[in-house]
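Scroll down for the structure; my scribbles are underneath it.
Everything numeric here is computed off the predicted structure, so don't read it as measured data. Letters A, B, ... are given to chains in the order of the sequence lines, protein chains preceding strands, and every chain is numbered from 1.
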There are 2 protein chains.
Amino acid sequence: MARIKTTQDISRKEVITEAAATLFKEKGYKAASMRDLAEQVGVEAASLYNHIKSKSELLHNICVQVANDFWEHIHEVENKKCTGVEKVEAILRYHIREMITNYEKVYVSDREWKHLTEPYLSNFHTQRREYRKKVASIIEQGIHKGEIKPIDAPTAVLIILHAVSGIDSWHRSKQKISAAELEANMVTILIDGLRK
Amino acid sequence: MARIKTTQDISRKEVITEAAATLFKEKGYKAASMRDLAEQVGVEAASLYNHIKSKSELLHNICVQVANDFWEHIHEVENKKCTGVEKVEAILRYHIREMITNYEKVYVSDREWKHLTEPYLSNFHTQRREYRKKVASIIEQGIHKGEIKPIDAPTAVLIILHAVSGIDSWHRSKQKISAAELEANMVTILIDGLRK
DNA sequence: CTCAAAAACTAACATTTGTAAGTATGTAGC
DNA sequence: GCTACATACTTACAAATGTTAGTTTTTGAG
(Lines give C-alpha, C1' and ligand atoms only; values in the text may rest on other atoms or scores of the structure.)
Protein backbone atom coordinates (compact mmCIF):
# COMPACT_ATOMS: atom_id res chain seq x y z
CA MET A 1 0.00 0.00 0.00
CA ALA A 2 1.39 3.32 -1.04
CA ARG A 3 1.80 5.93 1.59
CA ILE A 4 2.26 9.65 1.37
CA LYS A 5 5.82 10.41 2.32
CA THR A 6 6.29 12.77 5.22
CA THR A 7 9.05 14.07 7.39
CA GLN A 8 8.71 15.19 10.97
CA ASP A 9 8.30 18.80 9.97
CA ILE A 10 5.78 18.35 7.23
CA SER A 11 2.37 16.75 7.61
CA ARG A 12 0.61 14.71 4.95
CA LYS A 13 -1.84 17.53 4.54
CA GLU A 14 1.01 19.86 3.74
CA VAL A 15 2.45 17.43 1.23
CA ILE A 16 -0.90 17.34 -0.51
CA THR A 17 -1.20 21.11 -0.44
CA GLU A 18 2.24 21.54 -1.98
CA ALA A 19 1.43 19.07 -4.72
CA ALA A 20 -1.89 20.83 -5.27
CA ALA A 21 -0.13 24.15 -5.69
CA THR A 22 2.13 22.70 -8.35
CA LEU A 23 -0.77 21.04 -10.12
CA PHE A 24 -3.05 24.07 -9.95
CA LYS A 25 -0.25 26.18 -11.36
CA GLU A 26 0.36 23.82 -14.26
CA LYS A 27 -3.17 22.99 -15.32
CA GLY A 28 -5.30 25.60 -13.59
CA TYR A 29 -7.58 24.90 -10.66
CA LYS A 30 -10.56 23.72 -12.66
CA ALA A 31 -8.60 21.52 -15.02
CA ALA A 32 -6.68 19.84 -12.22
CA SER A 33 -8.59 16.82 -11.00
CA MET A 34 -8.39 15.13 -7.65
CA ARG A 35 -7.27 12.00 -9.48
CA ASP A 36 -4.38 13.95 -10.98
CA LEU A 37 -3.47 15.19 -7.56
CA ALA A 38 -3.74 11.72 -6.05
CA GLU A 39 -1.42 10.33 -8.68
CA GLN A 40 1.05 13.09 -7.93
CA VAL A 41 1.28 12.11 -4.29
CA GLY A 42 1.14 8.40 -5.16
CA VAL A 43 -2.21 7.42 -3.74
CA GLU A 44 -5.82 6.84 -4.76
CA ALA A 45 -8.09 9.87 -5.08
CA ALA A 46 -10.43 8.92 -2.28
CA SER A 47 -7.51 8.55 0.11
CA LEU A 48 -6.84 12.26 -0.05
CA TYR A 49 -10.02 12.81 1.90
CA ASN A 50 -8.47 11.32 4.99
CA HIS A 51 -6.39 14.48 5.14
CA ILE A 52 -8.35 17.25 3.49
CA LYS A 53 -11.94 18.35 3.49
CA SER A 54 -12.35 19.23 -0.16
CA LYS A 55 -10.62 20.42 -3.29
CA SER A 56 -11.70 23.96 -2.65
CA GLU A 57 -10.17 23.81 0.82
CA LEU A 58 -6.81 23.26 -0.84
CA LEU A 59 -7.15 26.38 -2.93
CA HIS A 60 -8.40 28.28 0.05
CA ASN A 61 -5.42 27.28 2.20
CA ILE A 62 -2.98 28.26 -0.51
CA CYS A 63 -4.58 31.65 -1.04
CA VAL A 64 -4.90 32.46 2.64
CA GLN A 65 -1.32 31.57 3.38
CA VAL A 66 0.01 33.74 0.58
CA ALA A 67 -2.33 36.61 1.37
CA ASN A 68 -1.31 36.58 5.03
CA ASP A 69 2.39 36.68 4.20
CA PHE A 70 1.94 39.76 2.03
CA TRP A 71 -0.46 41.34 4.46
CA GLU A 72 1.99 40.96 7.32
CA HIS A 73 4.85 42.30 5.27
CA ILE A 74 3.12 45.45 4.13
CA HIS A 75 2.32 46.33 7.71
CA GLU A 76 5.97 46.10 8.57
CA VAL A 77 6.79 48.35 5.65
CA GLU A 78 4.15 50.90 6.58
CA ASN A 79 5.72 51.31 10.00
CA LYS A 80 9.25 51.70 8.71
CA LYS A 81 10.97 55.04 8.99
CA CYS A 82 12.16 55.62 5.46
CA THR A 83 11.25 57.42 2.25
CA GLY A 84 8.29 56.51 0.08
CA VAL A 85 10.52 55.28 -2.71
CA GLU A 86 12.34 53.03 -0.29
CA LYS A 87 9.05 51.63 0.90
CA VAL A 88 7.91 50.90 -2.61
CA GLU A 89 11.24 49.28 -3.33
CA ALA A 90 10.91 47.10 -0.23
CA ILE A 91 7.47 45.99 -1.35
CA LEU A 92 8.66 45.28 -4.85
CA ARG A 93 11.64 43.27 -3.61
CA TYR A 94 9.42 41.26 -1.32
CA HIS A 95 7.08 40.44 -4.19
CA ILE A 96 9.96 39.37 -6.36
CA ARG A 97 11.46 37.14 -3.70
CA GLU A 98 8.15 35.56 -2.84
CA MET A 99 7.54 34.91 -6.51
CA ILE A 100 10.92 33.22 -6.73
CA THR A 101 11.04 31.17 -3.54
CA ASN A 102 7.36 30.49 -3.11
CA TYR A 103 6.58 30.29 -6.78
CA GLU A 104 3.73 27.80 -7.09
CA LYS A 105 1.63 29.08 -4.24
CA VAL A 106 2.06 32.73 -5.09
CA TYR A 107 1.25 32.02 -8.70
CA VAL A 108 -1.86 30.06 -7.83
CA SER A 109 -3.03 32.63 -5.34
CA ASP A 110 -2.60 35.29 -8.02
CA ARG A 111 -4.30 33.54 -10.93
CA GLU A 112 -6.76 31.09 -9.46
CA TRP A 113 -8.36 32.96 -6.57
CA LYS A 114 -11.43 33.56 -8.70
CA HIS A 115 -12.37 29.95 -8.03
CA LEU A 116 -12.57 30.42 -4.30
CA THR A 117 -16.01 29.82 -2.86
CA GLU A 118 -17.96 32.26 -0.74
CA PRO A 119 -17.41 33.72 1.74
CA TYR A 120 -13.68 33.27 1.17
CA LEU A 121 -13.92 34.74 -2.29
CA SER A 122 -15.30 38.04 -1.01
CA ASN A 123 -12.82 38.15 1.83
CA PHE A 124 -9.91 37.56 -0.47
CA HIS A 125 -11.15 40.10 -2.94
CA THR A 126 -11.54 42.72 -0.26
CA GLN A 127 -8.13 42.08 1.25
CA ARG A 128 -6.55 42.28 -2.18
CA ARG A 129 -8.17 45.63 -2.84
CA GLU A 130 -7.08 46.91 0.55
CA TYR A 131 -3.55 45.76 -0.10
CA ARG A 132 -3.42 47.68 -3.35
CA LYS A 133 -4.85 50.73 -1.68
CA LYS A 134 -2.09 50.60 0.87
CA VAL A 135 0.56 50.48 -1.83
CA ALA A 136 -1.15 53.28 -3.74
CA SER A 137 -1.24 55.38 -0.62
CA ILE A 138 2.48 54.91 -0.05
CA ILE A 139 3.13 56.01 -3.61
CA GLU A 140 0.90 59.02 -3.20
CA GLN A 141 2.79 60.10 -0.13
CA GLY A 142 5.97 59.82 -2.16
CA ILE A 143 4.46 62.02 -4.82
CA HIS A 144 3.49 64.67 -2.29
CA LYS A 145 6.99 64.71 -0.90
CA GLY A 146 8.38 65.12 -4.38
CA GLU A 147 10.31 61.85 -4.38
CA ILE A 148 8.10 60.26 -6.98
CA LYS A 149 6.91 61.57 -10.33
CA PRO A 150 3.37 62.99 -10.41
CA ILE A 151 1.70 59.90 -11.82
CA ASP A 152 -1.55 58.11 -11.17
CA ALA A 153 -0.80 55.97 -8.13
CA PRO A 154 -3.25 53.13 -8.85
CA THR A 155 -1.73 52.78 -12.30
CA ALA A 156 1.73 52.54 -10.81
CA VAL A 157 0.53 49.84 -8.42
CA LEU A 158 -0.99 47.91 -11.24
CA ILE A 159 2.24 48.04 -13.23
CA ILE A 160 4.45 46.98 -10.36
CA LEU A 161 2.32 44.13 -9.11
CA HIS A 162 1.62 42.70 -12.52
CA ALA A 163 5.19 43.05 -13.68
CA VAL A 164 6.19 40.75 -10.88
CA SER A 165 3.86 38.04 -12.09
CA GLY A 166 5.98 37.93 -15.22
CA ILE A 167 8.62 36.12 -13.20
CA ASP A 168 6.63 33.14 -14.34
CA SER A 169 8.46 33.47 -17.67
CA TRP A 170 11.78 33.68 -15.89
CA HIS A 171 11.11 30.37 -14.15
CA ARG A 172 10.36 28.69 -17.44
CA SER A 173 13.31 30.26 -19.23
CA LYS A 174 16.15 27.92 -20.16
CA GLN A 175 19.13 30.22 -19.92
CA LYS A 176 18.13 32.36 -17.02
CA ILE A 177 20.00 35.06 -15.24
CA SER A 178 20.37 34.60 -11.50
CA ALA A 179 17.61 35.47 -9.10
CA ALA A 180 19.70 38.33 -7.74
CA GLU A 181 20.24 39.76 -11.23
CA LEU A 182 16.59 39.42 -12.01
CA GLU A 183 15.70 41.33 -8.89
CA ALA A 184 18.26 44.01 -9.61
CA ASN A 185 16.99 44.47 -13.15
CA MET A 186 13.38 44.70 -12.12
CA VAL A 187 14.12 47.19 -9.39
CA THR A 188 16.22 49.29 -11.76
CA ILE A 189 13.52 49.53 -14.38
CA LEU A 190 10.52 49.95 -12.16
CA ILE A 191 11.88 52.13 -9.36
CA ASP A 192 13.76 54.40 -11.77
CA GLY A 193 10.52 54.69 -13.70
CA LEU A 194 8.86 56.06 -10.61
CA ARG A 195 11.61 58.29 -9.26
CA LYS A 196 11.47 61.95 -10.07
CA MET B 1 -37.95 29.72 -31.15
CA ALA B 2 -35.09 31.88 -29.99
CA ARG B 3 -32.61 32.99 -32.58
CA ILE B 4 -29.12 34.35 -32.27
CA LYS B 5 -29.25 38.01 -33.18
CA THR B 6 -27.06 39.06 -36.05
CA THR B 7 -26.45 42.08 -38.22
CA GLN B 8 -25.26 42.01 -41.79
CA ASP B 9 -21.66 42.50 -40.76
CA ILE B 10 -21.51 39.95 -38.01
CA SER B 11 -22.21 36.27 -38.44
CA ARG B 12 -23.78 34.05 -35.81
CA LYS B 13 -20.45 32.35 -35.37
CA GLU B 14 -18.89 35.68 -34.53
CA VAL B 15 -21.63 36.45 -32.05
CA ILE B 16 -20.91 33.15 -30.34
CA THR B 17 -17.18 33.80 -30.36
CA GLU B 18 -17.61 37.22 -28.79
CA ALA B 19 -19.83 35.79 -26.08
CA ALA B 20 -17.33 32.99 -25.55
CA ALA B 21 -14.53 35.50 -25.07
CA THR B 22 -16.52 37.31 -22.41
CA LEU B 23 -17.44 34.08 -20.69
CA PHE B 24 -13.93 32.63 -20.83
CA LYS B 25 -12.59 35.83 -19.37
CA GLU B 26 -15.05 35.81 -16.50
CA LYS B 27 -14.99 32.17 -15.50
CA GLY B 28 -11.92 30.78 -17.21
CA TYR B 29 -12.02 28.42 -20.17
CA LYS B 30 -12.44 25.22 -18.20
CA ALA B 31 -15.07 26.55 -15.85
CA ALA B 32 -17.15 28.04 -18.66
CA SER B 33 -19.61 25.47 -19.93
CA MET B 34 -21.27 25.29 -23.30
CA ARG B 35 -24.59 25.55 -21.49
CA ASP B 36 -23.42 28.83 -19.93
CA LEU B 37 -22.42 30.06 -23.34
CA ALA B 38 -25.70 28.97 -24.89
CA GLU B 39 -27.65 30.84 -22.25
CA GLN B 40 -25.57 33.92 -22.93
CA VAL B 41 -26.55 33.95 -26.60
CA GLY B 42 -30.12 32.91 -25.78
CA VAL B 43 -30.24 29.43 -27.23
CA GLU B 44 -29.91 25.75 -26.25
CA ALA B 45 -26.42 24.30 -25.90
CA ALA B 46 -26.72 21.81 -28.73
CA SER B 47 -27.80 24.58 -31.10
CA LEU B 48 -24.39 26.15 -30.90
CA TYR B 49 -23.02 23.23 -32.87
CA ASN B 50 -24.82 24.40 -35.98
CA HIS B 51 -22.27 27.21 -36.07
CA ILE B 52 -19.13 25.96 -34.41
CA LYS B 53 -17.20 22.74 -34.44
CA SER B 54 -16.27 22.52 -30.78
CA LYS B 55 -15.56 24.45 -27.61
CA SER B 56 -11.86 24.28 -28.23
CA GLU B 57 -12.34 25.77 -31.68
CA LEU B 58 -13.71 28.87 -29.98
CA LEU B 59 -10.62 29.28 -27.84
CA HIS B 60 -8.45 28.58 -30.83
CA ASN B 61 -10.12 31.24 -32.94
CA ILE B 62 -9.80 33.81 -30.21
CA CYS B 63 -6.12 33.10 -29.65
CA VAL B 64 -5.22 33.02 -33.33
CA GLN B 65 -6.97 36.27 -34.03
CA VAL B 66 -5.20 38.06 -31.21
CA ALA B 67 -1.84 36.51 -31.99
CA ASN B 68 -2.08 37.54 -35.63
CA ASP B 69 -2.90 41.12 -34.76
CA PHE B 70 0.17 41.43 -32.56
CA TRP B 71 2.31 39.53 -35.01
CA GLU B 72 1.38 41.84 -37.83
CA HIS B 73 1.96 44.91 -35.73
CA ILE B 74 5.43 43.99 -34.59
CA HIS B 75 6.52 43.48 -38.16
CA GLU B 76 5.41 46.98 -38.98
CA VAL B 77 7.36 48.29 -36.03
CA GLU B 78 10.47 46.36 -36.96
CA ASN B 79 10.53 48.03 -40.36
CA LYS B 80 10.04 51.51 -39.01
CA LYS B 81 12.86 53.99 -39.25
CA CYS B 82 13.10 55.23 -35.71
CA THR B 83 15.03 54.77 -32.50
CA GLY B 84 14.84 51.66 -30.37
CA VAL B 85 13.10 53.48 -27.56
CA GLU B 86 10.49 54.72 -29.99
CA LYS B 87 9.94 51.20 -31.23
CA VAL B 88 9.48 49.87 -27.72
CA GLU B 89 7.10 52.71 -27.00
CA ALA B 90 5.11 51.90 -30.13
CA ILE B 91 4.83 48.27 -29.07
CA LEU B 92 3.83 49.22 -25.55
CA ARG B 93 1.16 51.62 -26.78
CA TYR B 94 -0.24 49.00 -29.13
CA HIS B 95 -0.48 46.51 -26.30
CA ILE B 96 -2.23 49.02 -24.09
CA ARG B 97 -4.74 49.95 -26.76
CA GLU B 98 -5.47 46.37 -27.68
CA MET B 99 -5.96 45.57 -24.03
CA ILE B 100 -8.42 48.43 -23.79
CA THR B 101 -10.42 48.09 -26.99
CA ASN B 102 -10.19 44.36 -27.49
CA TYR B 103 -10.22 43.51 -23.83
CA GLU B 104 -11.95 40.14 -23.58
CA LYS B 105 -10.16 38.44 -26.43
CA VAL B 106 -6.72 39.74 -25.52
CA TYR B 107 -7.25 38.74 -21.92
CA VAL B 108 -8.40 35.25 -22.86
CA SER B 109 -5.58 34.78 -25.32
CA ASP B 110 -3.14 35.82 -22.62
CA ARG B 111 -4.45 33.72 -19.74
CA GLU B 112 -6.20 30.74 -21.26
CA TRP B 113 -3.98 29.69 -24.15
CA LYS B 114 -2.66 26.82 -22.03
CA HIS B 115 -5.93 25.03 -22.75
CA LEU B 116 -5.40 25.00 -26.50
CA THR B 117 -5.12 21.53 -27.99
CA GLU B 118 -2.25 20.28 -30.08
CA PRO B 119 -0.95 21.20 -32.55
CA TYR B 120 -2.31 24.67 -31.93
CA LEU B 121 -0.85 24.77 -28.45
CA SER B 122 2.69 24.26 -29.71
CA ASN B 123 2.22 26.72 -32.52
CA PHE B 124 0.91 29.37 -30.21
CA HIS B 125 3.66 28.76 -27.72
CA THR B 126 6.33 29.06 -30.36
CA GLN B 127 4.89 32.21 -31.84
CA ARG B 128 4.65 33.74 -28.39
CA ARG B 129 8.29 33.00 -27.71
CA GLU B 130 9.30 34.41 -31.07
CA TYR B 131 7.32 37.53 -30.41
CA ARG B 132 9.12 38.10 -27.14
CA LYS B 133 12.45 37.48 -28.77
CA LYS B 134 11.68 40.16 -31.30
CA VAL B 135 10.87 42.66 -28.58
CA ALA B 136 13.98 41.67 -26.65
CA SER B 137 16.08 42.13 -29.75
CA ILE B 138 14.72 45.63 -30.29
CA ILE B 139 15.59 46.48 -26.71
CA GLU B 140 19.07 45.06 -27.10
CA GLN B 141 19.68 47.22 -30.15
CA GLY B 142 18.61 50.19 -28.10
CA ILE B 143 21.10 49.25 -25.42
CA HIS B 144 23.91 48.98 -27.93
CA LYS B 145 23.12 52.39 -29.31
CA GLY B 146 23.15 53.80 -25.79
CA GLU B 147 19.49 54.88 -25.82
CA ILE B 148 18.49 52.30 -23.26
CA LYS B 149 20.00 51.42 -19.90
CA PRO B 150 22.23 48.36 -19.83
CA ILE B 151 19.65 45.96 -18.45
CA ASP B 152 18.73 42.38 -19.18
CA ALA B 153 16.48 42.61 -22.23
CA PRO B 154 14.32 39.53 -21.56
CA THR B 155 13.58 40.89 -18.11
CA ALA B 156 12.53 44.20 -19.58
CA VAL B 157 10.22 42.40 -22.00
CA LEU B 158 8.70 40.42 -19.21
CA ILE B 159 8.02 43.56 -17.20
CA ILE B 160 6.48 45.47 -20.05
CA LEU B 161 4.24 42.74 -21.35
CA HIS B 162 2.99 41.67 -17.98
CA ALA B 163 2.48 45.20 -16.76
CA VAL B 164 0.01 45.64 -19.59
CA SER B 165 -2.06 42.70 -18.45
CA GLY B 166 -2.71 44.70 -15.29
CA ILE B 167 -5.11 46.83 -17.33
CA ASP B 168 -7.52 44.18 -16.25
CA SER B 169 -7.68 45.97 -12.89
CA TRP B 170 -8.27 49.25 -14.63
CA HIS B 171 -11.31 47.83 -16.40
CA ARG B 172 -12.77 46.64 -13.15
CA SER B 173 -11.99 49.87 -11.31
CA LYS B 174 -14.95 52.05 -10.39
CA GLN B 175 -13.43 55.49 -10.56
CA LYS B 176 -11.09 55.06 -13.44
CA ILE B 177 -8.92 57.57 -15.17
CA SER B 178 -9.44 57.90 -18.91
CA ALA B 179 -7.89 55.45 -21.34
CA ALA B 180 -5.62 58.19 -22.62
CA GLU B 181 -4.40 59.03 -19.15
CA LEU B 182 -3.84 55.38 -18.38
CA GLU B 183 -1.74 55.01 -21.50
CA ALA B 184 0.23 58.16 -20.71
CA ASN B 185 0.96 57.00 -17.18
CA MET B 186 2.07 53.57 -18.24
CA VAL B 187 4.32 54.93 -20.93
CA THR B 188 5.83 57.43 -18.52
CA ILE B 189 6.70 54.86 -15.91
CA LEU B 190 7.86 52.07 -18.17
CA ILE B 191 9.66 53.96 -20.92
CA ASP B 192 11.36 56.30 -18.47
CA GLY B 193 12.43 53.22 -16.57
CA LEU B 194 14.21 51.98 -19.66
CA ARG B 195 15.69 55.19 -20.97
CA LYS B 196 19.27 55.96 -20.12
C1' DC C 1 2.18 -9.24 20.53
C1' DT C 2 -2.05 -6.50 20.89
C1' DC C 3 -5.00 -3.17 19.65
C1' DA C 4 -6.64 1.27 18.55
C1' DA C 5 -5.87 4.93 15.46
C1' DA C 6 -4.30 6.45 11.08
C1' DA C 7 -4.24 5.91 6.40
C1' DA C 8 -4.88 3.42 2.57
C1' DC C 9 -8.13 0.79 -0.62
C1' DT C 10 -12.43 -0.47 -3.58
C1' DA C 11 -16.81 0.59 -5.14
C1' DA C 12 -20.19 3.52 -6.00
C1' DC C 13 -22.87 7.87 -6.39
C1' DA C 14 -24.91 12.01 -8.41
C1' DT C 15 -23.58 15.81 -11.34
C1' DT C 16 -21.76 18.08 -14.91
C1' DT C 17 -19.52 18.04 -19.07
C1' DG C 18 -19.02 18.27 -24.40
C1' DT C 19 -21.26 16.68 -28.13
C1' DA C 20 -24.08 13.58 -31.58
C1' DA C 21 -28.57 12.18 -33.76
C1' DG C 22 -32.77 13.06 -35.12
C1' DT C 23 -36.64 16.21 -35.47
C1' DA C 24 -39.16 20.45 -35.65
C1' DT C 25 -39.49 25.21 -37.03
C1' DG C 26 -38.47 29.42 -39.15
C1' DT C 27 -37.15 31.97 -43.51
C1' DA C 28 -36.15 33.32 -48.35
C1' DG C 29 -36.61 32.58 -53.22
C1' DC C 30 -39.62 30.81 -56.64
C1' DG D 1 -48.03 28.36 -51.12
C1' DC D 2 -44.05 25.29 -51.90
C1' DT D 3 -39.50 23.95 -51.42
C1' DA D 4 -34.98 23.96 -49.59
C1' DC D 5 -31.95 25.40 -46.35
C1' DA D 6 -30.56 27.36 -42.08
C1' DT D 7 -31.34 27.23 -37.48
C1' DA D 8 -33.31 25.79 -33.51
C1' DC D 9 -35.02 22.06 -30.24
C1' DT D 10 -35.29 17.55 -27.64
C1' DT D 11 -33.17 13.66 -26.17
C1' DA D 12 -29.47 11.03 -25.18
C1' DC D 13 -24.87 9.35 -24.04
C1' DA D 14 -20.32 8.39 -22.56
C1' DA D 15 -16.69 10.32 -20.00
C1' DA D 16 -14.97 12.82 -16.20
C1' DT D 17 -15.59 14.95 -11.83
C1' DG D 18 -15.74 15.58 -6.57
C1' DT D 19 -16.94 13.03 -2.93
C1' DT D 20 -19.02 9.35 0.41
C1' DA D 21 -19.34 4.75 2.58
C1' DG D 22 -17.53 0.86 3.98
C1' DT D 23 -13.52 -2.14 4.31
C1' DT D 24 -8.78 -3.49 4.71
C1' DT D 25 -4.07 -2.59 5.79
C1' DT D 26 -0.30 -0.33 8.21
C1' DT D 27 1.73 1.80 12.11
C1' DG D 28 3.21 2.84 16.68
C1' DA D 29 2.45 2.80 21.72
C1' DG D 30 1.77 -0.13 25.68
Problem set entry | hydrophobic_cluster_shared for A:V108 and A:W71, side chain cutoff 4.5 Å | no
Problem set entry | Closest listed nucleotide, where the reference is the side chain of A:S33 and the choices are C:dG18, D:dG18, D:dT7 | D:dG18
Exercise. Below 4.5 Å, heavy atoms only, C-beta onward: do B:Q40 and B:V15 meet side chain to side chain?
Worked result: no
Exercise. Do A:L23 and A:V66 belong to the same hydrophobic cluster, where Ile, Leu, Val, Met, Phe, Trp and Tyr are linked whenever their side-chain heavy atoms lie under 4.5 Å apart, directly or via other members?
Worked result: no
For this session: Using the six-membered ring wherever Trp is involved, compare the ring planes of A:Y94 and A:F70 and label them parallel, tilted or perpendicular (cut-offs 30° and 60°).
Result: perpendicular
Problem set entry | Shortest side-chain distance from A:Y49, nucleotide among D:dA8, D:dT19, C:dT19 | D:dT19
For this session: Starting from the 5' end of DNA chain D, give me the residue, A:N50 or A:A45, whose nearest nucleotide shows up first.
Result: A:A45
Exercise. Ignoring hydrogens and angles, are the base of C:dG18 and the side chain of B:R35 linked by a donor-acceptor pair under 3.5 Å?
Worked result: yes
Problem set entry | Atom pair distance, as rounded to whole Å: CD in B:E57 and C1' in C:dA20 | 16 Å
Problem set entry | Length of the line joining A:R12:CZ and D:dT26:C1', which is rounded to integer Å | 10 Å
Exercise. Contact class for A:S47 vs. all strands (heavy atom < 4.0 Å): base, sugar-phosphate, or nothing?
Worked result: base
For this session: Take the protein atom CD of B:E39 and the nucleotide atom P of C:dT16, then report the distance between them rounded to whole Å.
Result: 14 Å
Problem set entry | A:S54 side chain, from C-beta outward: closest of D:dT19, D:dT27, C:dT17 | D:dT19
Exercise. Does the side chain of B:H51 get closer than 4.0 angstrom to OP1 or OP2 of D:dA8 through an N or O atom?
Worked result: yes
Exercise. Please give, in whole Å, the distance from C:dT19 C1' to B:I52 CD1?
Worked result: 10 Å
For this session: Tell me what A:A32 touches on the nucleic acid: a base, only sugar-phosphate, or nothing, going by heavy atoms under 4.0 Å.
Result: sugar-phosphate
Exercise. Whole Å only: how far is the CD atom of B:E44 from the C1' atom of C:dT17?
Worked result: 15 Å
Exercise. Whole-Å distance between C:dT15 C1' and B:M34 CE?
Worked result: 19 Å
Exercise. Rounding to a whole Å, what distance do you find between A:I16:CD1 and C:dA6:C1'?
Worked result: 13 Å
Exercise. Under 4.0 angstrom, heavy atoms only, what part of the nucleic acid is B:A46 near: base, sugar-phosphate, or nothing?
Worked result: base
Exercise. Once you round to the nearest 0.5 Å, how far does CZ of A:R3 lie from CZ of A:R12?
Worked result: 4.5 Å
For this session: Could you work out which one of D:dT26, C:dC9, D:dA8 sits closest to the side chain of A:A2?
Result: C:dC9
Exercise. In whole angstroms, how far is the P atom of C:dG18 from the NZ atom of A:K30?
Worked result: 11 Å
